There are 2 protein chains.
Amino acid sequence: MPAHAQTSTAAVVAAGRRLLEERGMDTLTMRDVADAVGVRTPSLYKRVRSRSDLFRLILEDVTDELTAAIDGAAESGDPIADLRAVASVYRAFAHANPVAYTLMYLPQAVPGATTRYERSSVTLLRLVAELAGPQHMMPAAQTLVAWANGFIAIELAGAFRLGGDIEQAWDFGLDRVLKAVQRGKD
Amino acid sequence: MPAHAQTSTAAVVAAGRRLLEERGMDTLTMRDVADAVGVRTPSLYKRVRSRSDLFRLILEDVTDELTAAIDGAAESGDPIADLRAVASVYRAFAHANPVAYTLMYLPQAVPGATTRYERSSVTLLRLVAELAGPQHMMPAAQTLVAWANGFIAIELAGAFRLGGDIEQAWDFGLDRVLKAVQRGKD
DNA sequence: GTCTATAGAATGATAGAC
DNA sequence: GTCTATCATTCTATAGAC
């Protein structure tokens with residue numbers, strides 16, 4: 001980095017990521033990001049090609065972090081315990097990064113975003129194969145991901161307006177869904 | 001309606017709803033709607049108070065339609081068969097109205113939108129109570145809704161990049177989740 | 001009710017000086 | 001690399017004539 005640098009791509013991405021959570025995607029302006037890193041708007045274009053390029057970089061950052069967190073959560077050797085831990089980490093990540101999490105599942109919103117979805121699913125598929133048997137690996141994984149993703153999406157939207165205890169609903173659902181996809185239940 | 005009316009609130013809402021699916025929420029402009037109904041932009045403000053008022057009306061329209069479809073799907077008397085039918089109708093509705101469906105679960109995106117969620121859940125809760133027993137009604141309903149919503153959200157985003165047969169995954173998941181929340185499985 | 005005209009306010013991005 | 005200046009565009013919404 002040359003001598004007169006007052007900011008960096010990493011700082012721009014970090015500020016963008018923080019502001020994305022504070023203000024939402026369509027109200028995040030380049031000017032906001034510039035203010036946050038202490039430069040004027042035009043200087044950002046030395047770091048990122050465009051606004052959507054910034055979003056692409058933010059999503060890459062978020063996805064890498066989530067992948068690492070998931071991989072680090074699966075260490076016990078027992079697939080049920082590991083899947084519980086992965087689900088918990090996944091949910092915690094969504095709570096900490098709600099806007100970015102939502103964006104991860106709307107790839108069309110960020111042109112050119114190459115989701116690194118596949119990498120983070122390696123661990124998941126391995127655990128599910130152990131639990132459900134290899135012949136049911138794919139639909140079992142999709143069922144588990146659908147449930148977790150749906151639960152979190154509704155929760156983040158504040159849309160569990162049916163009432164009831166939300167933690168109890170999570171524990172109940174996780175327990176039942178894990179049992180449901182287990183080997184030998186068909 | 002007076003004599004010189006060239007459009008109506010219903011026509012504006014219908015055009016808005018159609019364009020919402022074609023163009024997405026943030027690229028739907030009042031001018032697009034005006035063009036679609038054959039008037040100039042300012043005339044729309046005789047029909048709707050503001051742009052967000054238009055979205056509110058669109059969401060009401062969509063929600064009413066979904067509620068009616070769900071209620072009409074539960075007629076067999078058998079909770080399992082009825083829940084299968086409801087899930088199927090729900091999914092078909094999401095496929096036919098993907099943008100509006102997504103918006104229904106993002107109430108903060110539409111200020112003043114009074115979701116009629118509660119009405120459409122009456123039927124669901126009744127069926128789930130029959131299936132899971134009254135003491136597990138709430139978490140069982142939330143589990144079912146979370147799975148269906150999550151499956152559909154991922155499907156609409158084109159994010160089932162794990163591969164596999166998507167219809168098979170739906171059938172597998174629905175079967176397993178229904179069994180999972182059934183009475184006497186704890 | 002519908003129109004023309006326009007206010008009023010953002011925004012993304014670029015040119016060119018320093 | 002960063003800046004000032006500015007372009008060019010887009011949009012919601014209102015005023016007032018007809």
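Predicted model, so just to flag it, every value in this text is computed and none were measured. Labels below follow one simple rule: chain letters A, B, ... track the order of the sequence lines, proteins then strands, and each chain is numbered from 1. Hydrogens, waters and symmetry mates play no part in the numbers below; they use all other heavy atoms, side chains included.
Distances shorter than 4.0 Å separate some side-chain N or O of A:R51 from OP1 or OP2 on C:dG12. Taking 4.0 angstrom as the limit, A:S43 places none of its side-chain polar atoms (N or O) nearer than this to OP1 or OP2 of D:dG1. A close approach under 4.0 Å does occur between a side-chain nitrogen or oxygen of B:R47 and OP1 or OP2 of C:dG1.
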Steps toward side-chain contact (heavy atoms from CB on, under 4.5 Å) verdict (A:E60, A:T63): CA-CA 5 Å; A:E60 277 180 16; A:T63 309; 5.9 Å; no

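For DNA chain D, none of the residues of residues 24-36 of chain A falls under the heavy-atom distance limit of 4.0 Å.
Nearest-nucleotide positions on DNA chain D for B:K46 and B:S52 put B:S52 closer to the 5' end.
Minimum atom distance to the side chain of B:Q6 is reached by C:dT2, of the listed C:dT2, C:dA5, D:dT2.
Between B:R23 atom CZ and D:dT10 atom C1' the separation is 13 Å, expressed in whole Å. Atom CZ of B:R40 and atom C1' of D:dG16 are 17 Å apart (whole Å). B:Y45 has its OH atom 18 Å from the P atom of D:dG16, to the nearest Å.
Between the side chains of B:D64 and B:T67, no donor-acceptor pair of N or O atoms lies under 3.5 Å.
Atom CD1 of residue B:I70 and atom OG of residue B:S121 lie 9.0 Å apart, to the nearest 0.5 angstrom. The CG atom of A:L66 sits 6.5 Å away from the OH atom of A:Y90 when rounded to the nearest 0.5 Å. The CE atom of A:M137 sits 9.5 Å away from atom CG of A:L124, with the distance rounded to the nearest 0.5 Å.
Heavy atoms of B:S50 sit under 4.0 angstrom from primed sugar atoms or phosphate atoms, though from no base atom.
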Residues 39-46 of chain A side chain polar contacts: donor-acceptor under 3.5 Å, at least two apart:
none

